[in-house]
Every structure is written in structure tokens, then in C-alpha cells.
Amino acid sequence: MSSQTAPGSSPLVAPVLEWYDEHARDLPWRRPEASAWSVMVSEFMLQQTPVNRVLPVHETWLERWPTPADLAAEPTGEAVRAWGRLGYPRRALRLHAAATAIRDEHGGEVPADYDALLALPGVGDYTAAAIATFAHGRRHVVLDTNVRRVLGRAVSGVEFPARSVTRAERDVAAALLPDDEPTAATWSVAVMELGALVCTADRPRCDACPVVALCAWHTAGRPAYDGPPRPVQTYAGTDRQCRGRLLAVLRDAEGAVPSDRLDAVWDDAAQRARCLESLLADGLAVRTADGGVALP
DNA sequence: CATGCGTGGGC
DNA sequence: TGCCCAAGCAT
């Protein structure tokens, strides 16, 4: 017998699957009765937003718009308003646009094909693979920040992955992916869950990890991160913060608001004007006939 | 390929 | 308390 590890039979797989079976959170979009649309909505909302903040918005969203066609029938501004404070509200516009494309080009059904998914607005490699896998049981490499961190540590022995996905990372993930579709799908969600709950970016709980004995990073003594400095995310005073303030006014208003309502939430007039223009350009706001501003 | 894009929670 | 982070995408 060869000592080589055959594809789909890494010693990492079974312990992670067992751990997931016992420790997985009960999330609405993971339940057997969850629709593909529910999975898709969750994936959009979870792009850079924590699970706990997504939960209530996801629930009300699915109650209001149980199918893509239901959302597509509404003005985009309603999607932006319902998005609430999840952040990055352009995702709401893209989800609306994706729902419209699904209604018009896919008979109202969320596609199962990776390339069809990738062609939808707001859907990149991760989200296409995630929807194909978690909504339709297809077999794809699902490479999000959690998976990248877990595999980086367990396999490569580094605390944090590189800025962008490398070919080597993709090869590692592909080699670990179990052969049969159902197991591949469970493995993918299980590694993500392990990264979210145990193999966290900060203060990983190695004592609770099912593969600690196999982990290259742990075995090496958890060496400190040694790569290029990771960029710090500034916020105070940025256009992002300004845009957020302006959009919050529109979201919380019944209809159009006079522009002096916007003046009150940001002092720097030049920056305020620039940010309003960018919101208009993005389609997150529109000017009304009387000179006011509103959600589209 | 680096950068811009929201928001709130935890330490 | 400031600082870092959280299931990315588009350009």
C-alpha cells in the first residue's frame, strides 16, 4: 500500500466531520427545508458581516420576499431599506439585480451551475461555489476566509493566509475535498464552521480543535505571523463613514428628505457633496423633483 | 492586484 | 479605549 494520501481521504477530514456533527450551529439557511434562495440571501448578507447580525434581517427578508421574483418585483430602494444596518448596502442592490436576472433568465430558480451563478451580480468565486454547494449539493472548492485560515494553519503551518488566494492554496483545498458530493458539501461547511468557532483569527481555541494533533501550525509551536503587514482598516472620517451617515438618513425617512437634513449629519461640506454624488452614481439614492433626496 | 466599500461588537 | 475583526465583490 502506498503511504500517499489519496484525494478525498486526508486524515483531517473524518475528525472535522465528526466535530461538525456535534458542534454545528443551527442556522436557518442550513436546515433541510431551507430553499436555495434562502441560502443565496444568507451568502450575500454574510459577505463581511457576522452571523449574529445577519440572522434577524435574513428572517424578515425571507418572510417578505420568499422567492427571487418577489424581490425583483419591488423597487431597489426597498431592498436597500430592508438591508438595514448590515453594512455595504451595494450588496442589497446586487442581490436585487441578481434576483431580477434569476427571474428573467433562469425561470425564477436559483441556478445550480457554478458559471451561471458567477455571472450574477454580486456573486464571485466564493459565493458561486457556496450556493452551488450548500443550496444544490454540488462539489466545489469553497474557499472563504475561514477555510483559508484553517488550511493555512493545519496544512501549511502559517497563522494567516496571504492577501489573495494563491494557486497553492487552491490545490491544497482541492486535494482535501472528498470525492462524493454529499460528503464534499458537508466537509466544506464543516471547515468553515471550525474556522468560525474554533480556529478563529484571534485567540484560537486549539484545546477544542479536533485536528490539533495534525495541525502544522500548532505542532510548530504556533509561530507568530511573519508575513507582510496586514492593512489596517480605517473608518473614522472616511467617505465610507460619510456615506453610511447619509444613507442612514434616507433609510430612516418615509420618503424624500430635503438636502439640509443631510447637511446636519456631516460637517465637511465638500466631502458630504462628494459622497452624495457617489451614492447617486451607485444607485443607492436618487434626486427627487423638488430637490430632495430619496432611496431609489 | 491593491483599494474602496458599512457597521457594530469584543477586548 | 482605540484597534481589529466579520461566510467578498468589483474595479
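Just so we're on the same page: letters track the sequence lines, and every chain starts at 1. Bear in mind that the values here come from a model prediction, so they are computed numbers and not experimental data. Every heavy atom of this structure was used, including side-chain atoms; hydrogens, water molecules and symmetry mates were not.
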Inset, instruction - Return the 5'-most residue of the pair A:Leu118, A:Asn146 with respect to DNA chain C, ranking by each residue's nearest nucleotide. - result: A:Asn146
Inset, instruction - Please work out if A:Ser164 contacts a base, only the sugar-phosphate, or nothing of the nucleic acid, heavy-atom cut-off 4.0 Å. - result: nothing
Legend entry - Common cluster, A:Leu27/A:Val39, ILVMFWY with side-chain heavy-atom separation under 4.5 Å: no
Inset, instruction - Compute whether any side-chain donor of one residue and acceptor of the other, for A:Thr49 and A:Arg91, lie under 3.5 angstrom apart. - result: yes
Inset, instruction - Select base, sugar-phosphate, or nothing to describe what A:Ala201 touches, counting heavy atoms under 4.0 Å on all strands. - result: sugar-phosphate
Inset, instruction - Quick one: label A:Val54 by what it contacts on the DNA or RNA (base, sugar-phosphate, nothing), any heavy atom closer than 4.0 Å. - result: nothing
Inset, instruction - Would you check if there is a donor-acceptor pair between the side chains of A:Tyr126 and A:Gln47 at a distance under 3.5 Å? - result: no
Inset, instruction - Identify whether the distance between the nearest side-chain nitrogen and carboxylate oxygen of A:Asp70 and A:Arg64 falls below 4.0 Å. - result: no
Inset, instruction - Could you check A:Arg230 against A:Asp125 and say which one's nearest nucleotide on DNA chain C is further toward the 5' end? - result: A:Arg230
Inset, instruction - Have a look at A:Arg148 and say if it touches a base, only the backbone sugar-phosphate, or nothing, with a 4.0 Å heavy-atom cut-off. - result: nothing
Inset, instruction - Identify whether any heavy atom of A:Pro89 sits under 4.0 Å from a base atom; if not, whether one sits that close to sugar-phosphate; answer base, sugar-phosphate or nothing. - result: sugar-phosphate
Legend entry - 5'-most by nearest nucleotide on DNA chain B - A:Arg203 or A:Arg85: A:Arg85
Legend entry - A:Ser278 side chain to A:Arg243 side chain, donor-acceptor N/O pair below 3.5 angstrom: yes
Inset, instruction - Using a heavy-atom cut-off of under 4.0 Å over every strand shown, decide if A:Thr238 touches base, sugar-phosphate, or nothing. - result: nothing
Inset, instruction - Test A:Ser38 against A:His58 for side chain to side chain donor-acceptor pair (under 3.5 Å), laying out the working first. - result: CA-CA 8 Å; A:Ser38 173; A:His58 179 271; 3.3 Å; yes
Legend entry - Nearest listed nucleotide, side chain of A:Thr49, among B:dG6, C:dA6, C:dC4: B:dG6
Inset, instruction - Give a yes/no answer on whether the side chain of A:Tyr88 brings an N or O atom under 4.0 Å of OP1 or OP2 in C:dC9. - result: no
Inset, instruction - May I ask you to say what A:Arg25 touches in the nucleic acid, namely base, sugar-phosphate or nothing, with a heavy-atom cut-off under 4.0 Å? - result: base
Legend entry - Gap between atoms CG and P, on A:Leu95 and C:dG8 respectively (whole Å): 16 Å
Inset, instruction - Kindly say whether, by distance alone, the side chain of A:Arg53 makes a donor-acceptor pair under 3.5 Å with the base of B:dT7? - result: yes
Inset, instruction - Using a heavy-atom cut-off of under 4.0 Å over every strand shown, decide if A:Trp29 touches base, sugar-phosphate, or nothing. - result: base
Legend entry - Whole-Å distance separating the CG atom of A:Leu197 from the P atom of B:dG10: 15 Å
Legend entry - Side-chain N,O (A:Arg163) to OP1/OP2 (B:dT3) below 4.0 Å: yes
Inset, instruction - Scan A:Asp239 against the nucleic acid and name what it touches under 4.0 Å (heavy atoms): base, sugar-phosphate only, or nothing. - result: sugar-phosphate
Inset, instruction - Check every strand shown and say whether A:Val142 touches a base, only sugar-phosphate, or nothing at a heavy-atom separation below 4.0 Å. - result: nothing
Inset, instruction - Please check the phosphate of C:dC4 (OP1 and OP2 only) for any side-chain N or O of A:Gln233 closer than 4.0 Å. - result: no
Inset, instruction - For the side chain of A:Thr145, starting at C-beta, report the closest nucleotide among C:dA6, B:dG4, C:dA7. - result: C:dA7
Inset, instruction - Check whether any side-chain N or O of A:Arg91 sits under 4.0 Å from OP1 or OP2 of C:dC9, and answer yes or no. - result: no
Inset, instruction - Just call it for A:Leu27: base, sugar-phosphate, or nothing, with non-hydrogen atoms closer than 4.0 Å on any strand. - result: base
Inset, instruction - Scan A:Phe44 against the nucleic acid and name what it touches under 4.0 Å (heavy atoms): base, sugar-phosphate only, or nothing. - result: nothing
Inset, instruction - Please measure how far the P atom in B:dG8 lies from the corresponding atom in C:dC9, and state the result in whole Å. - result: 23 Å
Inset, instruction - Report which part of the nucleic acid A:Leu247 touches: base, sugar-phosphate, or nothing (heavy-atom distance under 4.0 Å, all strands). - result: nothing
Legend entry - Separation between the P atoms of B:dG4 and C:dA7, rounded to whole Å: 22 Å
